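Chain letters run A, B, ... following the sequence lines, proteins first and then strands; every chain starts at 1. As the structure is a computational prediction, the values presented were derived from the model and not from experiment.
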2 protein chains.
Amino acid sequence: MTGEVEKQFSEGALGARRKVYLGLMADLEQGRIVPGQRLVETDLAIQFGVGRNAVREAMQQLAGRGVVELTPNRSSMVRKLDLAETLEVLDVADVMTGLLARYAARHMPGAVQAPELAIAMTGLEDAHNSHDVIAFSRARRHFYRALLAIAQNRELQRLFPAIGMHIIYSQHQTRKLREVRLSDYRAIFEAVNAGYAEAAEAAARDHVANVRSIIMESF
Amino acid sequence: MTGEVEKQFSEGALGARRKVYLGLMADLEQGRIVPGQRLVETDLAIQFGVGRNAVREAMQQLAGRGVVELTPNRSSMVRKLDLAETLEVLDVADVMTGLLARYAARHMPGAVQAPELAIAMTGLEDAHNSHDVIAFSRARRHFYRALLAIAQNRELQRLFPAIGMHIIYSQHQTRKLREVRLSDYRAIFEAVNAGYAEAAEAAARDHVANVRSIIMESF
DNA sequence: GGTACATTATTGTAGAACAATCAAGGCAGC
DNA sequence: GCTGCCTTGATTGTTCTACAATAATGTACC
């Protein structure tokens with residue numbers, strides 16, 4: 001509700017590394033850091049109130065997730081994608097999102113997480129109507145989280161968030177990459193909800209294709 | 001040629017973190033560590049002659065690659081997959097390997113890395129004939145590396161090795177998961193070499209399906 | 001104005017130190 | 001003998017200091 005830094009949970013019960021990791025992820029989602037930006041270890045250590053070790057461990061984690069790029073003896077950078085690499089990311093996202101939707105639909109009948117998906121869908125609509133870009137990003141994250149929970153595939157849960165979509169969203173937040181998408185999400189939602197695996201996969205891949213074409217126009 | 005620890009390059013010019021990372025990956029491939037094994041930070045630090053910091057950074061990297069599992073306040077473990085999670089990994093491997101083969105085939109015409117793939121294929125046959133399980137693992141890694149180089153997709157290059165196949169291979173090294181595979185690899189090789197994208201994808205996915213059924217028998 | 005050199009900023013690495021947590025063994029009580 | 005608590009040891013989590021190595025920047029000299 002407030003403009004505050006979204007302290008994930010009740011208190012600072014988080015470990016130091018996790019604090020940095022979550023902090024930077026939130027910073028990216030909310031535009032406080034941008035692709036291409038240089039991240040200096042000591043600055044981050046001071047900013048998050050942790051030791052430099054913890055920062056370095058978090059950077060390894062973030063690099064694995066495709067959020068930052070590490071080059072020896074150089075400051076790490078928030079990953080920045082040119083058009084070519086953006087399309088490469090989308091090629092991977094295509095098959096992975098398709099897999100996600102297919103499995104979510106398959107496991108939907110009787111899934112205990114079904115309500116969460118419906119809530120996430122509503123949140124997506126609310127955020128869309130509010131024209132709040134950041135709220136929409138968060139809602140989208142919740143939506144995918146619900147899909148992943150339903151899909152019941154631990155390897156997919158591990159790897160899907162490692163796809164460079166975070167960066168793509170961050171680089172194109174300001175663009176009009178939002179109109180087309182709500183209907184996309186609804187199509188995915190309904191196919192998954194109905195348990196239509198083939199339709200869900202198709203909707204998911206259509207969505208990625210839509211994102212791709214919008215990006216190609218506006219790049 | 002020798003049974004030595006495969007010092008990747010000429011000398012110890014590697015950084016400390018990388019030394020631990022590559023060392024543990026080699027240890028896994030060569031069976032010196034096995035899924036389920038506990039890894040103690042201080043031991044590794046002594047073993048590789050580096051500081052504990054470097055070990056912890058390497059563990060973050062390895063966790064991102066799906067090689068170890070980190071649980072707070074507990075020693076990290078080499079990831080171990082039960083049958084269910086093995087199948088989940090294979091579901092992801094299915095679409096990702098298919099994507100890899102399709103793109104490799106698409107970019108094959110005129111690819112400068114074409115010879116490397118042929119060499120890798122030969123190495124695979126040699127290793128198979130020699131009945132050396134470890135040599136076969138290395139050859140298989142070279143084969144996929146060549147495919148990734150040809151496929152020209154940086155996101156795939158980043159994510160594909162993060163799929164938990166390392167662990168699957170490690171857990172089933174001793175089984176007869178080897179007879180069927182050489183012909184699989186040859187099928188992929190020939191489709192890719194000919195530039196037949198559809199056939200390459202099909203061959204790759206058939207291969208994963210074969211691995212799956214062999215594992216399901218012998219589990 | 002450009003090249004060589006000095007300076008600064010930053011990362012890479014090791015190590016000490018201590019708190020926090022978990023696992024295991026031992027001891028007491030029933 | 002069994003159960004449950006408690007002590008103890010092993011290990012991780014974390015910060016700090018220190019210094020070497022490297023890259024980026026600025027400066028003086030020609």
Side-chain angles (χ1 to χ4, degrees), chain A residues 7-27 32-80, chain B residues 7-27 32-80:
Chain A
K7 288 208 180 95
Q8 294 293 111
F9 303 108
S10 52
E11 215 25 66
L14 299 171
R17 173 182 66 237
R18 194 150 182 73
K19 209 184 299 183
V20 178
Y21 175 82
L22 292 175
L24 285 176
M25 289 297 279
D27 284 353
R32 283 190 295 270
I33 60 175
V34 297
Q37 184 168 335
R38 213 164 66 99
L39 299 176
V40 176
E41 291 177 1
T42 46
D43 294 355
L44 296 177
I46 293 168
Q47 178 188 340
F48 290 104
V50 301
R52 195 151 72 91
N53 293 351
V55 172
R56 288 176 62 85
E57 288 178 24
M59 296 315 273
Q60 289 299 325
Q61 226 178 326
L62 289 164
R65 289 263 162 139
V67 174
V68 302
E69 271 181 352
L70 303 181
T71 319
N73 295 310
R74 209 151 304 150
S75 297
S76 49
M77 277 185 36
V78 181
R79 186 150 78 127
K80 187 172 189 174
Chain B
K7 287 209 181 93
Q8 295 292 111
F9 303 107
S10 53
E11 213 29 65
L14 300 171
R17 174 181 66 235
R18 195 150 180 73
K19 209 184 297 182
V20 177
Y21 175 82
L22 292 176
L24 285 176
M25 289 297 279
D27 283 354
R32 284 188 295 269
I33 60 175
V34 297
Q37 184 167 337
R38 214 163 67 98
L39 299 176
V40 176
E41 291 177 1
T42 47
D43 294 354
L44 295 176
I46 294 168
Q47 179 188 338
F48 290 105
V50 303
R52 196 151 73 92
N53 295 352
V55 172
R56 288 177 61 85
E57 288 177 23
M59 295 316 272
Q60 289 299 326
Q61 226 177 325
L62 289 164
R65 289 266 165 134
V67 174
V68 302
E69 270 181 354
L70 303 180
T71 318
N73 294 310
R74 208 152 304 150
S75 297
S76 48
M77 277 185 36
V78 180
R79 186 149 79 125
K80 187 171 189 173

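V34(A) and V78(A) get closest at one heavy-atom pair: O-CB, 3.5 Å. Taking both residues in full, the closest heavy atoms of K80(B) and G36(B) are given as CB-N, 3.8 Å, listed atom of the first, atom of the second, then distance. When all heavy atoms are compared, the tightest approach of L44(B) to M59(B) is CD1-SD, 4.3 Å. Among all heavy-atom pairs drawn from E57(A) and Q60(B), the shortest one is O-CG, 3.8 Å. In this structure, R32(B) and Q37(B) approach most closely via the heavy-atom pair O-OE1, 4.1 Å.
Regarding M77(B), its CE atom lies at a distance of 17 Å from the P atom of dC22(C), rounded to whole Å. Atom CD1 in I46(B) sits about 14 Å away from atom P in dA10(D), given to the nearest Å. What separates CD of E69(B) from P of dT12(D) is a distance of 16 Å, to the nearest Å.
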field: Base versus backbone protein contacts along nucleotides 10-17 of chain C [heavy-atom cut-off under 4.0 Å; B, S, -]
entry: SBBBBB-B

